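As C-alpha cells, the structure follows; a few thoughts come after it.
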2 protein chains.
Amino acid sequence: MATIDDVARAAGVSASTVSYVLSGKRPISPGTRERVERSIRDLGYRPHAGARALASARSNVIALMVPFRAGVNVGIIMQFVGGAVAAARQHDHDVLLLTQDDTSGVDRVASSSMADGIIVMDVEAQDTRLPLLRTLRQPSVLIGVPDDSSGLSCVDLDFTAAGRLAVRTLAEAGHRHVALIGASRARYERRANYAVRMRAGVQDEAELRGVGVTVVPSEPSFAGGVAAAVELLALDPDVSGVVVHNESALPGVVAALAERGLRVPQDVSVLAVGAADAAESLSQPLTSIDVPGHDIGRVAVEMVMAHLGGETLAGTRLISPRLTDRASVAAPARRALAG
Amino acid sequence: MATIDDVARAAGVSASTVSYVLSGKRPISPGTRERVERSIRDLGYRPHAGARALASARSNVIALMVPFRAGVNVGIIMQFVGGAVAAARQHDHDVLLLTQDDTSGVDRVASSSMADGIIVMDVEAQDTRLPLLRTLRQPSVLIGVPDDSSGLSCVDLDFTAAGRLAVRTLAEAGHRHVALIGASRARYERRANYAVRMRAGVQDEAELRGVGVTVVPSEPSFAGGVAAAVELLALDPDVSGVVVHNESALPGVVAALAERGLRVPQDVSVLAVGAADAAESLSQPLTSIDVPGHDIGRVAVEMVMAHLGGETLAGTRLISPRLTDRASVAAPARRALAG
DNA sequence: GTGAAAGCGCTAACAC
DNA sequence: GTGTTAGCGCTTTCAC
C-alpha cells in the first residue's frame, strides 16, 4: 500500500501538500495539484482510514442502530437503511451497523471514536438509551420521538398528521363510522411513540368532525389481523371506513372482510398506513399513507451532518404524510349511511 | 477521553503494560493486572479505534456488501445481516455496511484499511466484482457461488440439494407430475446461481425418479405468481405437486390455485423454498425448505475469521437444506394419478 | 514481569 | 503557495 509519503516523493512535494490537495483546505497551484493527482492515481493511493481518524479526530463513519427484533417491519427498515447509507455516502461517510440488542454498542462505538455520529432507530417513549445518548461527545439523531426529547434531535413521519389525514380522507368520502386497526397491545403498553401518536391523530380528527371511531389493537400477523377485523365488526357493525396501521396484520384484515362478504371499497373503505409495499403488493392494492423510510433515513443523516458542521440546535423534524390513492376508499354504502 | 497514558499513570505502570493487559499477549502479574484493570474502569478508558488500527494494521471491522435492489427478498437479507452482525460481535468485530450500487465500495474500504475482511452477498454466476476481490489484501467471502470460484471462499444453501429434496418429497408422496415455479426470466438470464442450481436439482431428481417436470419462471410479484400458475396449469393440466422458489410470487400462486378451485393439499401439493416467513405467514402455511439466512451470515463471518486467523484454504461451503413440514404436501388426488 | 522507544500514516499548526 | 514538524493514541520490538 502506498502512503502519503510515497505520493509526495513521486510528485516532488511534501506530504502536507498532498494532504492539502486531498482536503482542499488551502490553495494549491495548478501545476502542483496536477502532479500530485497524477501520482495519486499512478500509485493507487488511498489514505489509511485509521491514521486519518487518529490525526483528524474524525472517522468519517456514522453508526446506525437497527432493530432486528421481530414485529418491526423489515421492509421499512431496509428502506430506511438504504436511505441512510446513500445519504452518508454523499457526505463521504460510511455506515457502521449496530443492532438493538447489542446494548453496549453505542457506548463502545462512541467512546472508541469509531463513529462521528449515531442514529438510533425505533425509539420508544421512555427509551432507556436516551441518558447515554445525551452524554456522548458525538451528535445523535433518533428515529421516533420520545416523551422527553430535550437536547436530542429526532426525525419521524408525522404520525399525528397521518392519523388526521386518514380520518379526514374517510370523512370527506362520507364515512361516519371509522376505525383504526393499530399496533399490538404490547406496543401501546410500551408506548411506542408512533402507535400512540397515530392513534391520537385519528381520535382528534374523528372528534373534530363528529365521526364515530373505534380503535382495535392487533397482533402483527395474519391471524392477528383476522381477529382484529372480527372484533371490530362486533364492536361497531356499522363501521364503513377502516384505517390499518399494521403491515403484518393487513392481509388478515382484508381476508376477514372478504370472508364476511364485504367488498372493498363498495361495502367498506380501507386505508393502509405503513410500508409502501404492504399496501401495494396485496391482491387488491390499497390506498395508503406510506412511511417514507428512505426519506427519513436521508434526513437523519443530514441532521447528523448538520451537527458535525457546527449546527448546534437540536430539534424534532416531522415529515408530512402523503396519501397514495389506489381506489380503496369510496363513499360508504347505504348500509352504513343508514346506520 | 482518557488515553492509554492516563491509565498507565493512574496504575503506576507503563503504557505498554496497559496494552499487554488488554491484549493478553504477555504474562502480567496478578497485582499489576488488578491495578490496571481498576484504572481502566475508573477512567472509563476505551482504546481509540483509529490509533489501534494504525498501530496494529487491524481495524476489527468487517465490511458487508448488501443488495438493496428490488426483487431481492428483504426478510432474508435482514436475517443474513443479523446473523453476520451477531457472529462478528462474538469475534470482537463490528460491521460496516456497503450497498451493492456503491460500486467502488469494496475497493475504497479495502484499500483504506477500513475493514479486515469483506463479505459480498448475492453473487452472480459471472459476477463483475470477482476480479477485484481476488486482488485484495483482505480475505473475502461470497454468499452464492459464481461459475469460477477458484481462489475465493463461498457459502450458500445447497440449492441443488434443495431442489432434489423438494422433488423427492413430492415424488415419495406419490406425485408423477411436478413443477417448479422459479425466479424471474431475468434472473435466469443473468444466471443467478441460486436459481440455476435449484432448477438443476429439481430437474435431476425428477429425471432420476422418472417424474414429469415443468419449469415456469415467475416475476417476483403477486401478479407474477398468478400468471405463472395459470401458465403452469396450461402447460401441464395434470400437475399435482408444485415447488415455488419465489417468495414474492408465492401469494399469487396460492391465490391462483384457489381461484381454480384447487385445494392445497387435496388437489395440489405446494412446497415453498425461500424465506421462512414467506411460507409461514400465508393464510394457509406451507411446507417449506427455508433459506437459513441467519446461519449463512454466521458461517460467512466464521470463514472470514478463519482466514484472519491464518487459515489459507479457500473453498465453498454448502449448507444442507432442511424441510419444515406444514402439511401442504399430501398424496395426489385421483385426477392426477389417473393422468 | 516490566519499561523505553520507535514507529504506524496522517493532519494541521507554524514557518517562510 | 509550499515545506517542516509536532503530534494523534496505540502496538510491539528490544532491552533488562
Side-chain angles (χ1 to χ4, degrees), chain A residues 1-37 39-40 43-61 92 108-116 137 308, chain B residues 1-37 39-40 43-61 92 108-116 137 308:
Chain A
M1 287 287 96
T3 72
I4 199 170
D5 284 314
D6 297 331
V7 175
R9 214 167 303 127
V13 299
S14 73
S16 64
T17 296
V18 177
S19 177
Y20 284 119
V21 165
L22 250 20
S23 70
K25 288 187 181 173
R26 80 181 183 190
I28 303 283
S29 74
T32 306
R33 146 159 295 123
E34 182 90 1
R35 275 176 300 129
V36 169
E37 284 173 345
S39 305
I40 288 179
L43 296 173
Y45 168 71
R46 289 288 176 96
H48 186 287
R52 192 168 240 190
L54 180 57
S56 68
R58 278 292 177 89
S59 64
N60 276 42
V61 165
D92 195 30
R108 173 167 45 82
V109 157
S111 41
S112 66
S113 298
M114 293 190 79
D116 297 336
R137 284 174 296 128
L308 293 178
Chain B
M1 286 286 97
T3 71
I4 200 169
D5 284 314
D6 298 331
V7 174
R9 215 167 303 126
V13 299
S14 73
S16 62
T17 296
V18 176
S19 177
Y20 284 118
V21 165
L22 250 20
S23 70
K25 288 188 180 173
R26 79 181 184 190
I28 303 284
S29 73
T32 305
R33 143 157 297 122
E34 183 90 0
R35 274 176 301 131
V36 169
E37 284 172 345
S39 305
I40 288 179
L43 297 174
Y45 168 71
R46 289 287 178 97
H48 185 288
R52 193 167 238 191
L54 180 56
S56 68
R58 277 292 177 88
S59 64
N60 276 40
V61 165
D92 195 31
R108 173 167 43 83
V109 156
S111 40
S112 66
S113 298
M114 295 190 77
D116 297 335
R137 285 174 296 126
L308 292 178

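Note on naming: letters A, B, ... go to the chains in the order of the sequence lines (proteins, then strands), and numbering restarts at 1 for each one. The structure displayed is predicted, hence computed values, not measured ones.
A/S16 is listed as a side-chain neighbour of A/R26, based on a closest heavy-atom distance under 4.5 Å.
Heavy-atom minimum distance, B/A8 versus B/S14: CB-C, 3.6 Å. The minimum heavy-atom distance between B/A53 and B/S59, with the atom names listed, is CB-CA, 4.1 Å. The two residues B/S113 and B/R137 come nearest to each other via the heavy atoms OG-NH2, 3.3 Å.
The overall bend of the helix from C/dG1-D/dC16 to C/dC16-D/dG1, read as the angle between its terminal helix axes built from five base pairs each, is 30° when rounded to 10 degrees.
When each of C/dG9, C/dG3, D/dT4 is scored by its nearest atom to the side-chain atoms of A/T3, the top-ranked nucleotide is C/dG9. When distances run from any side-chain atom of A/S14 to the nucleotides C/dT11, C/dT2, D/dT4, the shortest one goes to D/dT4.
In this structure, CZ of A/R58 is placed 10 Å from P of C/dA12, rounded to the nearest angstrom. Between the C1' atom of C/dG9 and the CD1 atom of A/I40 lies a distance of 14 Å, rounded to the nearest Å. For the pair A/H48 NE2 and D/dC10 C1', the interatomic distance rounds to 12 Å; values are reported in whole Å.
We find the CD1-CD distance between A/I28 and A/E34 to be 13.0 Å, quoted to the nearest 0.5 Å.
Nearest-nucleotide mapping onto DNA chain D: of A/R35 and B/G50, the residue sitting toward the 5' end is A/R35. Residue B/G31 is the one, among B/L54 and B/G31, whose nearest nucleotide of DNA chain C lies closer to the 5' end (criterion: closest heavy atom).
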Ignoring hydrogens and angles, write down the donor-acceptor pairs under 3.5 Å from the side chains of residues 43-51 of chain A, residues two or more places apart or on other chains.
unit_1: A/R46; atom_1: NH2; unit_2: B/D107; atom_2: OD2; d: 3.4
unit_1: A/H48; atom_1: ND1; unit_2: A/G50; atom_2: N; d: 3.0
unit_1: A/H48; atom_1: ND1; unit_2: A/A51; atom_2: N; d: 3.0

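If you run side chain to side chain contact (heavy atoms under 4.5 Å, CB included) between A/S39 and each of A/V13, A/V7, A/V18, A/V21, only A/V7 comes through.
Distances shown here put a side-chain N or O of A/R52 below 4.0 Å from the OP1 or OP2 atom of C/dT11.
Within residues 15-26 of chain B, the residues having any heavy atom under 4.0 Å from DNA chain C are, by residue number, B/S16, B/T17, B/R26.
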